[in-house]
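Protein chains get the first letters and strands the later ones, always in sequence-line order, with residue 1 at the start of each. Here the structure is a predicted model, which means the values were calculated and not measured.
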2 protein chains.
Amino acid sequence: MMQTLQVIYQHPLLTESELETICQAHVPVVFSKGDYLLKKGQVANSYFCVIEGLVRSYVYDFNGNDITTGFIGKNEIAIDVVSLFHQIPSVEHFQALTDCKCYAINLDNFQVLYHSIKGFNEWGRAWMSECLFQLKQRTISMITDSASERYKRLQYQHPQILQEAPLKFIASYLGITDTSLSRIRKELVKEV
Amino acid sequence: MMQTLQVIYQHPLLTESELETICQAHVPVVFSKGDYLLKKGQVANSYFCVIEGLVRSYVYDFNGNDITTGFIGKNEIAIDVVSLFHQIPSVEHFQALTDCKCYAINLDNFQVLYHSIKGFNEWGRAWMSECLFQLKQRTISMITDSASERYKRLQYQHPQILQEAPLKFIASYLGITDTSLSRIRKELVKEV
DNA sequence: TCATCCACTTGCCATAGGACAAGAAATTAC
DNA sequence: GTAATTTCTTGTCCTATGGCAAGTGGATGA
C-alpha cells in the first residue's frame, strides 16, 4: 500500500511517518469494468487513488452527447474537486473503463489530516495547481493544435489510454467525432 | 479597501477580524494600460486582486501566435498559480489592458496567513476548485459549442470584456481568428 | 496637417472536420 | 454456436472556420 500511494503523495515537506499516517487513512476499494465511482447528482464523500486500471469522467452536453472530460489512470486521483470540497452534487460521472484497484479516503479523514499535517496541506495545494496547469495546457492545445496533433500528444503522454479506452471516448476527449479520429489514425499509420 | 477585497475573500469560515488581517496584508498597486503584472520567465512573488480595470493573460504558441489564456477583471485575481506556489518561471504574460487598480499580497505574507488562519486556508482551496471548475467548463465549451455560441456565452457572462478588450484578443481566447469573430459579430447584429 | 498605425471589416477560396449512413469486425449474451 | 450488440472503418457530401489580401475608419504622433 505504502509503495503505491507514495507515488501520488510525493512531497518534500512530508516526512516518512506523516506519509504513513496519510496512507493508513485510506481503504482499498475495487471496481469492476462499468462500475461508477461517482454519478452525476451524487455528493462525493471521498476520492480515489487509482492503483490499477483506468477511469473515465464524462458529462452530457445539451444535445445528450457524451463528452469525456478526463481519463484517470495508475497513480492518479479520481475526484470531483468541486463536489467533494463544496459538498454539492457532482456534474460529472466517473466510471471504471476497466477493472480497477483503488485506495479511497473519505472527506472527514482527509480534513483532519489536511489541517493537522502542514506538508499534506502543501501537497494539496501543489496537486491542485498541477491540475490547473494541466487543464490550461489542454485548453491551449484545443485552440492551437489540429485534431491530429492533439491525438499524437495524447499518444505520447498517455499511451495507456489509447490501449484501454474505446475510440469514441478518446474522440470526445479530443473534441472530435469518432469518425474523424478513425480517419486520423489511418493517416498516421500511413505516415510511418 | 475592506469593502472591495471583501468580495474576493468572501468565505463562511472567515471572521470579520480575520478578514481585516488578511486585507491589511495587501498593498495597493496601480498599473497603466500596457504594463506587465508578470512576464513570462519571471518567478511570481505575489498575486494581484483586481479592483478596477482589465488584465489579460497570454502565451505564444509554437508558431509565435499570441493566445489569450484568460481575462481578469474587477474582483478577480491575477495570478500564475504554478509560478507563485512552485516558485518557477511563469509561462504566461499578464498585461494590463486598461489602467488598473489592484491590491497585491506577496508570497511570504500569504503563507503566514494561509497557515495561521484556517478559514483562509479553506478559502484558498475553495478558490482553486472554483478555478478548476471554470476552466473545465471552458474546455467543455470549446468541444461542444460553436464559435458563435462561445461568443454569446462570453457576452452574457463577462460583458465587461467585450467592451474593453480588442477583438483580436477575444478571438484568440475563443479559439478563432479575428476575421471569423468579426463575421460572427456581423451575423449576431443581423439576427436582432 | 499629413503620415502612420491599429482595429476592424469584407471578399474569395481552401480545408479540416462534421453528419449521416452503410458495412466490417470484434465482443458479449443467451 | 448463433444472435445481438458494440466498435471501428469507410464513402459521400456539407459547413464552419481559416488563410490571405485589400480596404475603411479612427487614433496617434511629428
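Under the rule for a ring-ring contact (aromatic ring centres under 6.0 Å, His included), the partners of A:F110 that lie at least two apart in sequence or sit in another chain are A:Y47, A:F85, A:Y114, A:F120. Taking A:A171 as the reference, A:I176, A:D178, A:L181 meet the side chain to side chain contact (heavy atoms under 4.5 Å, CB included) condition, with sequence neighbours excluded. Every residue was checked against the ring-ring contact (aromatic ring centres under 6.0 Å, His included) condition with A:H11, not counting sequence neighbours, and none meets it. For A:E92, the side chain to side chain contact (heavy atoms under 4.5 Å, CB included) partners are A:S57, A:V59, A:T69, A:D80, A:S90, A:F94, B:K136, not counting sequence neighbours.
Atom CG in B:L167 sits roughly 13 Å away from atom C1' in C:dT10 (whole-Å rounding). Atoms CD (A:E149) and P (C:dG17) sit 9 Å apart, rounded to a whole Å. A straight line from CE of A:M142 to P of C:dA16 spans 17 Å, rounded to a whole angstrom. Across the protein-nucleic acid pair, A:L162 atom CG and D:dC8 atom C1' stand 15 Å apart, rounded to whole Å. For the pair B:E187 CD and C:dG11 P, the interatomic distance rounds to 12 Å; values are reported in whole Å. Residue A:L188 contributes atom CG, which lies 14 Å from atom P of C:dA16 at whole-angstrom precision. Summarising the geometry, the separation between CD1 on B:I170 and P on C:dT9 is reported as 11 Å, rounded to the nearest angstrom. Rounded to a whole Å, the CG atom of A:D178 is 15 Å from the P atom of C:dG17.
Judged purely by atom type and a 3.5 angstrom limit, B:T98 has no side-chain atom pairing as donor or acceptor with the backbone of B:G53. With B:Q134 contributing its side chain and B:C131 its backbone, the two residues share no donor-acceptor pair below 3.5 Å. The backbone N or O of A:G73 sits less than 3.5 Å from a side-chain atom of A:E76, completing a donor-acceptor pair.
Using five terminal pairs a side, the axes of the helix from C:dT1-D:dA30 to C:dC30-D:dG1 at its two ends make an angle of 50°, given in steps of 10 degrees.
Distances shorter than 4.0 Å separate some side-chain N or O of A:K186 from OP1 or OP2 on D:dT10.
The distance between the ring centers of A:Y103 and A:F48 does not fall below 6.0 angstrom.
When only modelled atom types and interatomic distance are considered, B:S141 and B:R150 share no side-chain donor-acceptor pair under 3.5 Å.
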Revision key, fill the gap. Whether each nucleotide of nucleotides 12-30 of chain D has a protein heavy atom under 4.0 Å at its base (B), only at its sugar-phosphate (S) or at neither (-) is summarised, 5' to 3', as B----SSBB----------

